[in-house]
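In this chain, numbering begins with 1 at the start of the sequence shown.
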Amino acid sequence: MKKLKDLLSGILMGIGCAIPGVSGGTIAIMLGVYDRHLDDMNNLRSKKFFTALLALLPLLVGVIVGVIPAVILFNLTFKGFLFGTVSLFAGFVIGGIPSILDVTKQEKIKKTYIIILIIAFVVALGLGILSALVGDKLNLLSHFNMNEDGGWIDGGHVDWWIYILMIPIGVIASAALIVPGISGSMILLVTGFYSPLLKTVDWWKLIFKGQGNGEMAGSLIGVYLCFLLGILIGFFTIVKLMKFLFDKYKIAAYYGILGFVFGSIGSLYFNNDIFTYYKGWANGTSYMLSMPLEIVLGAVLLAVGIILSYLLVRYQRKSEKKELAN
């Protein structure tokens with residue numbers, strides 16, 4: 001049952017990683033798998049590598065299974081149902097807050113904890129605001145040899161420095177899985193890499209239709225490999241830091257997570273991509289639904305997300321009580 005739970009948790013983490021403002025680490029906290037597997041993640045650098053890898057395998061498979069369809073789906077809703085999609089995930093994040101409060105209640109509130117919470121809140125919300133301020137100025141589509149629709153521009157190539165830059169970008173983005181409350185996809189959005197990476201889905205569509213070429217496929221693989229290398233480097237570095245914080249300053253760390261979560265809820269509704277969506281509403285751009293209808297449906301999806309997430313929290317609480325009783 002634990003393996004199955006890890007697989008399902010990984011799928012939800014993978015889905016969360018694809019949405020700007022949602023952190024895979026936060027979902028892991030909400031589902032009770034973060035604390036349980038932090039030692040396993042840290043042991044990947046030790047002689048216990050294979051034992052740790054075996055323990056993490058269902059979670060890792062789940063993340064891969066979750067992130068791929070999520071990216072494809074979000075690439076579609078991105079163009080016509082962004083507010084509704086964001087509202088569903090905002091609800092999921094809000095509904096999981098009680099699981100974090102369960103830990104913070106273990107100690108009395110201190111001024112230090114409040115300061116940590118405020119700083120984390122400002123950082124997470126600031127990422128969304130920053131993306132709205134600079135997002136349009138960081139248009140990297142041409143350097144990925146893309147047009148605005150994500151199509152491949154014949155005769156072009158991905159600039160060489162993009163491959164190199166993908167490594168540190170991957171290091172930063174790995175925070176999505178390791179640091180609860182920090183959204184790696186939001187960081188990609190701020191740095192201008194989110195849209196180009198999301199639009200590479202359209203490259204694969206062309207390739208599978210037989211309209212692509214070897215240069216296109218090679219460029220995609222090269223970009224992904226460099227990004228993956230950065231994620232691996234960041235993973236092992238950040239895991240060590242989080243292990244230290246959870247061992248020495250667990251309650252303070254959870255207050256930081258709480259601040260990141262509150263800030264990320266705000267950044268879900270205020271970032272470059274959704275701000276562009278709002279401007280489309282103002283300009284009368286035709287989306288899948290009219291603005292009033294999507295706002296109403298978004299409110300419904302927000303409530304659905306809260307309820308589903310809270311039910312998971314309640315299930316997790318009951319599971320923990322049973323384990324303690326046994």
Side-chain angles (χ1 to χ4, degrees), residues 3-34 37 56-97 99-100 124 128 170 173-189 193-195 197-201 204 224 227-228 231 235 257 260-261 264-265 267-269 271 273-274 297-298 300-313 315-316:
K3 297 294 183 184
L4 179 59
K5 180 183 176 182
D6 285 351
L7 178 64
L8 296 175
S9 299
I11 291 173
L12 291 174
M13 289 169 62
I15 293 172
C17 288
I19 309 299
V22 180
S23 164
T26 300
I27 294 175
I29 286 281
M30 288 161 34
L31 299 176
V33 299
Y34 194 88
H37 285 300
L56 289 169
L57 193 58
L59 202 64
L60 296 174
V61 171
V63 169
I64 295 171
V65 170
V67 75
I68 294 175
V71 168
I72 295 172
L73 179 62
F74 194 64
N75 189 42
L76 296 174
T77 59
F78 192 82
K79 301 169 183 176
F81 192 61
L82 185 57
F83 183 82
T85 304
V86 162
S87 295
L88 177 62
F89 281 91
F92 195 82
V93 172
I94 293 170
I97 290 176
S99 65
I100 302 174
S174 64
L177 284 173
I178 311 304
V179 182
I182 288 291
S183 170
S185 50
M186 181 62 75
I187 293 173
L188 290 176
L189 192 63
F193 280 87
Y194 186 75
S195 290
L197 285 173
L198 192 65
K199 289 179 183 296
T200 58
V201 172
W204 286 117
Y224 290 162
F227 187 57
L228 178 61
I231 288 177
F235 177 87
I257 292 168
F260 283 137
V261 169
S264 68
I265 294 169
S267 65
L268 272 168
Y269 288 100
N271 58 66
D273 285 329
I274 200 165
L297 187 54
V300 172
L301 290 173
L302 178 71
V304 169
I306 292 173
I307 293 170
L308 290 177
S309 182
Y310 185 66
L311 288 175
L312 285 173
V313 171
Y315 173 78
Q316 177 60 27

So how far is it from Phe260 CZ to Ile29 CD1, rounded to the nearest 0.5 Å? 12.5 Å

Stepwise side-chain contact (heavy atoms from CB on, under 4.5 Å) test for Tyr34 and Ile257: CA-CA 12 Å; Tyr34 194 88; Ile257 292 168; 5.9 Å; no

Ile15 vs Phe92 side-chain heavy atoms within contact, under 4.5 Å: no

Shortest non-hydrogen contact from Ser267 to Ala124? CB-O, 3.6 Å

Looking only at atom types and distance, does a side-chain atom of Ser309 sit under 3.5 Å from a main-chain N or O of Gly96, one as donor and one as acceptor? yes

Sub-4.5 Å side-chain heavy-atom contact between Val71 and Leu197: no

Only one of Val313, Ile306, Ile265 clears side chain to side chain contact (heavy atoms under 4.5 Å, CB included) with Ile97; which? Ile265

Pair Asn271-Val86, side-chain contact (heavy atoms from CB on, under 4.5 Å): steps then yes or no: CA-CA 11 Å; Asn271 58 66; Val86 162; 5.8 Å; no

For Met13, run the side chain to side chain contact (heavy atoms under 4.5 Å, CB included) check against Leu8, Ile27, Val67 and tell me which one passes. Ile27

Distance check, rounded to the nearest 0.5 Å: Leu268 atom CG versus Thr85 atom OG1? 11.5 Å

Just wondering, more than 12 heavy atoms not from Tyr315 lying within 6.0 Å of its OH? no

If you define the side chain from C-beta out and look only at heavy atoms, does anything of Leu312 sit under 4.5 Å from Leu12? yes

What are the two closest non-hydrogen atoms of Gly298 and Phe83, and how far apart are they? CA-CE2, 4.1 Å

To the nearest 0.5 angstrom, please state how far the CD1 atom of Ile11 sits from the CG atom of Asp6. 11.5 Å

Taking every heavy atom of Val33 against every heavy atom of Ser9, the minimum-distance pair comes out as CG1-OG, 3.7 Å

